[in-house]
Amino acid sequence: MDITVDEHIIRIVTVAPHGRIDAFNAATLRGRLDELLNEGVNRFVLDLSDVPFLDSAGMAVLISLLKRARQSGGDVKLVWPAEEAARRILRLTKFDRVFAMSETADMALNSF
Amino acid sequence: MDITVDEHIIRIVTVAPHGRIDAFNAATLRGRLDELLNEGVNRFVLDLSDVPFLDSAGMAVLISLLKRARQSGGDVKLVWPAEEAARRILRLTKFDRVFAMSETADMALNSF
Amino acid sequence: MTEVDTVRLDLPATHKYLNVVGACIGELLERVEGLHEPTVLTYNIQLAVHEICANIVDHAYGEKSPAGRIGITFTLQPVTRTMHVDLHDTGAAFDAERYQEPDLDAAQVRGYGLFLVKELMDDVLYETEANGNHWRLTKQL
Amino acid sequence: MTEVDTVRLDLPATHKYLNVVGACIGELLERVEGLHEPTVLTYNIQLAVHEICANIVDHAYGEKSPAGRIGITFTLQPVTRTMHVDLHDTGAAFDAERYQEPDLDAAQVRGYGLFLVKELMDDVLYETEANGNHWRLTKQL
Ligand SMILES: Nc1ncnc2c1ncn2[C@@H]1O[C@H](COP(=O)(O)OP(=O)(O)O)[C@@H](O)[C@H]1O
Ligand SMILES: Nc1ncnc2c1ncn2[C@@H]1O[C@H](COP(=O)(O)OP(=O)(O)O)[C@@H](O)[C@H]1O
């Protein structure tokens, strides 16, 4: 009897920024994500739980990442911010429909 | 055999402001302390552990309290603020010599 | 809130110091009593004003005018319980005719700024003045 | 810090809004890299500027001029790593001749304000100008 066993390793990278993501520092986050994309990573969990403030420049970084990740067959899942006001903004802009959302990073990882 | 047993009850009041004490709200603290003084309280523990900022108007409230409490035979003990910068100000103004200082409210109570 | 209170802030048009703007708004609203959902309200005003400022940096001044400034006046009207935020800059004008609302169903990279401002504030006014641009945001408190 | 950055704040001379001043200082210093003991440094500058403002409210304007204002300019000098805080008011003048240092060994109720300012800042200058009073606080960062 021949049994074929193949191992598939899916690499998912969790990125958890701590603090505000805004026009002043969005480029830093974008730079780090670009490095990961260039290394071939295309599955991301972006953990926003410790992000107290996210502006439209930060949102632009998330959408850019999503586009590039999906282009190469990957995806981006978001972890909800703890801050209720920030959650509402993600709902207002329908980011919660464009991205798969999770309450925790573990739940996001398991949803891949 | 005659045995005399007397009970002495010393009333010590612990006051713990939460938040800044400054020129804007020092009057509120002073008002509360005046009420206690007028009720006859003269032994105080002023717990500054949760006071992140204390200005000279707040310091004036502490000294006034000390003067009135000592006039009627009482005393005021301070609990150090958690914030190192605020501790340094109390040392700079020699408040740590004018007042008995403690690390916790319990220690301050036991020092009476 | 018994008198009309105004606080003015004037800062370099750079993303670097926009944190000051949000902090000012937070402290001013600390002093207003009886706010409904103060944390969310504060966040919303902070975000809206931040987006207008970021647009002034990026679009009104762009790369061209690094020395430009943003003047902001915060006004608290106690009787009507209204907050006005007036922003002035001396950069390029905003072309309202060419402005397009974002299509929220097609994820897009840019274009959420003014959408958020309009959603989060009760009123948004833009006008060109003799010496530059004027944005006025209004929020009922 | 590569250019000289200035941020201006202008507010009613009332204790109520002095919280805005401290928050501005905190956010500005957030943007300065390589500070030694940033928390303590920030606290010290916040307290010193706060004391000058509180004195303007209490002594320069006192009960008399409730409509007075305080104008503050924060300047960050990157080359010399210096922060200047210039405060302007249009109230009564400060009489330096009559000023007395507090006696720290005799617990006293008032008089710690200017003492703290002098201890916490590297330099304190006061001058009367044509249109009011000018305080300049300087701190090496
Ligand atoms: N202050 C401004 N001055 C000039 N043009 C502006 C200004 N604000 C916005 N705009 C124009 O409106 C467009 C939409 O702005 P916005 O909704 O904030 O999205 P974004 O800034 O991401 O493009 C900008 O791309 C720009 O062309
Ligand atoms: N801005 C000012 N304008 C006028 N007088 C002032 C001013 N600041 C301080 N003074 C005078 O200097 C004195 C000492 O001030 P300070 O050390 O801050 O203590 P305090 O304010 O507690 O009296 C004040 O009582 C006041 O007479």
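Excluded from the calculations below are hydrogen atoms, water molecules and symmetry mates; all remaining heavy atoms, backbone and side chain alike, are included. Chain A is the first sequence line, chain B the second, and so forth, proteins listed ahead of strands; every chain is numbered from 1.
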Tell me, for B/Phe95 versus chain D, whether the close heavy atoms (under 4.5 Å) come from the side chain, the backbone, both or neither.
side chain

With only heavy atoms counted, which part of D/Leu41 is less than 4.5 Å from chain B, the side chain, the backbone, both or neither?
neither

Taking the side chain as C-beta and beyond, is there a heavy-atom pair between D/Tyr43 and B/Ile89 under 4.5 Å?
yes

Is D/Gln108 in contact with chain B via its backbone, its side chain, both, or neither, using a 4.5 Å heavy-atom distance?
backbone

For residues D/Arg110 and B/Ser56, determine if any side-chain heavy atom of one lies less than 4.5 Å from a side-chain heavy atom of the other.
yes

A side-chain contact here means heavy atoms from C-beta on lying under 4.5 Å apart; do B/Leu92 and D/Phe115 qualify?
yes

If you define the side chain from C-beta out and look only at heavy atoms, does anything of D/Leu18 sit under 4.5 Å from B/Asp22?
no

Check: D/Glu51 and B/Asp55 side chains under 4.5 Å, non-hydrogen atoms
yes

B/Ala60 and D/Val109 have their tightest heavy-atom pair at CB-O, 3.2 Å

Are the side chains of D/Thr39 and B/Glu83 in touch, meaning some heavy atoms are under 4.5 Å apart?
yes

With a 4.5 angstrom heavy-atom cut-off, is it the side chain or the backbone of D/Leu116 that approaches chain B, or both, or neither?
side chain

If you check every heavy atom in residues 28-43 of chain B against those of chain D, which residues fall under 4.5 Å?
none

For B/Phe24, which residues count as a ring pair (Phe, Tyr, Trp, His ring centres under 6.0 Å) partner, sequence neighbours excluded?
none

Max heavy-atom pair count under 4.5 Å with chain D, selected residue of B/Lys67, B/Arg20, B/Arg88, B/Arg97
B/Arg88

